[in-house]
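Here is the structure we will look at, set down as structure tokens.
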Amino acid sequence: MSDAREAAVPEQDQVRIFDTTLRDGEQSPGISLNTAEKVEIAHQLARLGVDVIEAGFPITSPGDFEAVQAISRQVEGPVICGLARTHKADIDAAWNAIKDSPRPRIHTFISTSDIHIEHQLQTTRDDVKGEAKAAVALARSYTEDVEFSPMDATRADVEFTAEVCAIAVAEGATTVNIPDTVGYTTPEEYTAYLRRLYELVPGLGGVTLSVHCHDDLGLAVSNSYTGVLAGARQVECAINGIGERAGNCSLEEIVMLLRTRRDRHGLDTAVDTRELARTSRMVSRLTGYSVPPNKAVVGRNAFAHESGIHQDGVLKERSTYEIMDATEVGLDSNAIVLGKHSGRHALKDALEQLGFKVEGEALRTAFKRFKEIADKKKQVTALDLEAIVSDEMRERSEAYNLAWFEVEAGSRREPLATVCVTLPSGEQSTAKSSGDGPVDAIFGAIRQAVGSDAELRRYEVEAVTEGTDALGEVTVVLRANGRLASGQGVSTDILEASARGYVRALSNALEGTAIREAEEATADAAVERTPGP
Ligand code: KIV
Ligand code: ZN
């Protein structure tokens with residue numbers, strides 16, 4: 001085991017972390033982040049110390065464009081990257097969205113595999129070469145920081161991919177990323193592929209080689225790691241490993257693999273690993289993708305020892321059964337921070353320690369919520385505070401808001417719920433419904449109050465901390481207005497958390513529809529639409 005933070009690694013041994021949570025991660029089914037949520041995640045990624053934030057794919061919708069632009073204007077530190085196909089309209093949109101960032105990057109891609117060229121692009125290898133050349137040249141006319149990806153590279157002819165990469169390098173690409181788009185390659189195959197590319201493209205040694213691996217066969221982290229050993233100095237990854245289908249390389253896993261085994265390879269990243277657990281919770285909360293308890297590095301059991309032998313060993317000497325320290329990844333933040341009688345200043349200080357700057361009206365609301373919870377719970381922990389503040393921050397930006405609800409229920413009667421929802425117009429709408437249980441009755445009443453025929457797809461309850469007085473966090477995924485949307489709610493009362501989560505999911509579905517309508521209008525006037533990566 002190494003204590004790898006003691007010495008900084010030389011520049012050539014620094015692996016850059018390119019975070020694609022907000023682009024590839026956001027392409028996961030059912031994830032519907034609004035601009036405010038994307039900006040909140042981007043600020044946290046900057047605090048985590050990632051090198052590049054891929055903030056979105058601006059041509060795909062006005063909502064995506066707006067989010068990338070907001071992140072470019074508000075988030076300082078990392079490079080802010082916008083994705084673009086090789087079309088001129090994509091590159092123009094990416095540039096317009098990122099140009100206000102102090103460190104803008106355009107990432108342009110086109111497939112080099114024959115499967116994609118013949119069936120998806122329906123074009124020729126020569127055309128792909130021409131497209132790549134023109135796209136990199138155009139991107140370079142806007143910014144000095146240009147990344148090129150030959151999509152589906154690992155299923156493509158390496159010689160042809162090399163030709164296309166050589167063109168991209170000649171046109172000025174500063175990073176060349178080799179995607180395992182469908183998660184098909186194996187570690188030894190990927191190593192051989194990257195080595196061959198280095199042989200075939202002499203210019204590759206003068207730019208940053210990057211890896212982008214999907215997890216369809218569970219190999220995303222292993223493949224990314226072998227890529228780094230083969231010479232890549234940028235890893236594309238996402239918090240909690242979210243992304244298309246089975247997801248991307250998990251950021252927290254590759255970062256801790258590099259940090260923990262620096263003794264083996266001498267490489268490291270600039271990530272502040274103590275922010276990993278909090279970033280993971282934030283992304284899970286905002287996307288509705290929960291983290292399995294046994295998830296490496298950030299799962300709630302990642303440092304729990306069940307067997308007596310293991311517990312005994314760790315009590316005597318932690319390193320007997322632990323290769324990392326929970327404090328190193330920020331999983332120790334459940335210490336009690338506030339007592340029942342704490343005042344507003346104490347709350348403000350505690351929130352600042354947790355990375356939240358809450359002032360004015362927001363602080364008053366957070367304090368009111370804290371007092372309500374402190375009355376019901378014996379101890380208010382950092383995890384509780386984080387959950388309620390995130391919950392409050394979201395409340396203010398929703399289309400619908402839960403005003404109040406009542407439920408009559410018991411084991412001998414059919415539950416009856418009455419709810420009152422504030423509509424986007426500011427009017428309040430009240431409705432009643434019975435149901436199979438109290439939660440079903442509440443959901444039925446909310447649907448009537450807002451006039452929706454939403455269909456519930458997923459309902460999950462998790463306790464934020466331990467004990468019967470714990471805050472409950474509910475995730476709701478539903479299909480409404482032709483799209484999947486998720487919402488979360490937090491409260492010591494599971495029914496209230498459920499109602500809040502449901503109302504939020506409906507809000508997200510509503511905002512998503514507005515985006516899609518506008519997107520269709522833009523698309524008619526812009527480029528022909530081919531599916532994204
Ligand atoms: O998986 C993929 O190929 C991508 C590219 C855009 C890099 O996401
Ligand atoms: Zn991808």
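Just follow the structure's listing: the first ligand is 1, and inside any ligand the first atom is 1.
Using a 4.0 Å cut-off to heavy atoms of M151, the atoms of ligand 1 that qualify are 3 (O). Each of the atoms 7 (C) of ligand 1 lies under 4.0 Å from some heavy atom of N177.
Using a 3.5 Å distance cut-off with no hydrogens or angles, the side chains of Q234 and T208 do not pair a donor with an acceptor. Side-chain atoms of D19 and T21 include a donor-acceptor pair closer than 3.5 Å. Side-chain atoms of Y184 and D152 include no donor-acceptor pair closer than 3.5 Å. Between the side chains of N240 and S280, at least one donor-acceptor pair of N or O atoms lies under 3.5 Å.
When T161, V128, I110 are each tested for a side chain to side chain contact (heavy atoms under 4.5 Å, CB included) with P150, only one passes: T161.
Of the polar atoms of H214, at least one N or O is found under 3.5 Å from an N or O of ligand 1, judged by distance alone. At least one N or O atom of R23, backbone or side chain, sits closer than 3.5 Å to an N or O atom of ligand 1. The N/O atoms of T181, backbone and side chain alike, include one that comes under 3.5 Å of an N/O atom in ligand 1. Residue D24 has at least one nitrogen or oxygen atom sitting less than 3.5 Å from a nitrogen or oxygen atom of ligand 1, judged on distance alone.
H212 has its closest N, O or S atom to the Zn ion (ligand 2) at the position named NE2. Nearest N/O/S atom of D24 relative to the Zn ion (ligand 2): this is OD2.
With salt bridges taken as basic N to acidic carboxylate O contacts below 4.0 Å, none links E252 and R278.
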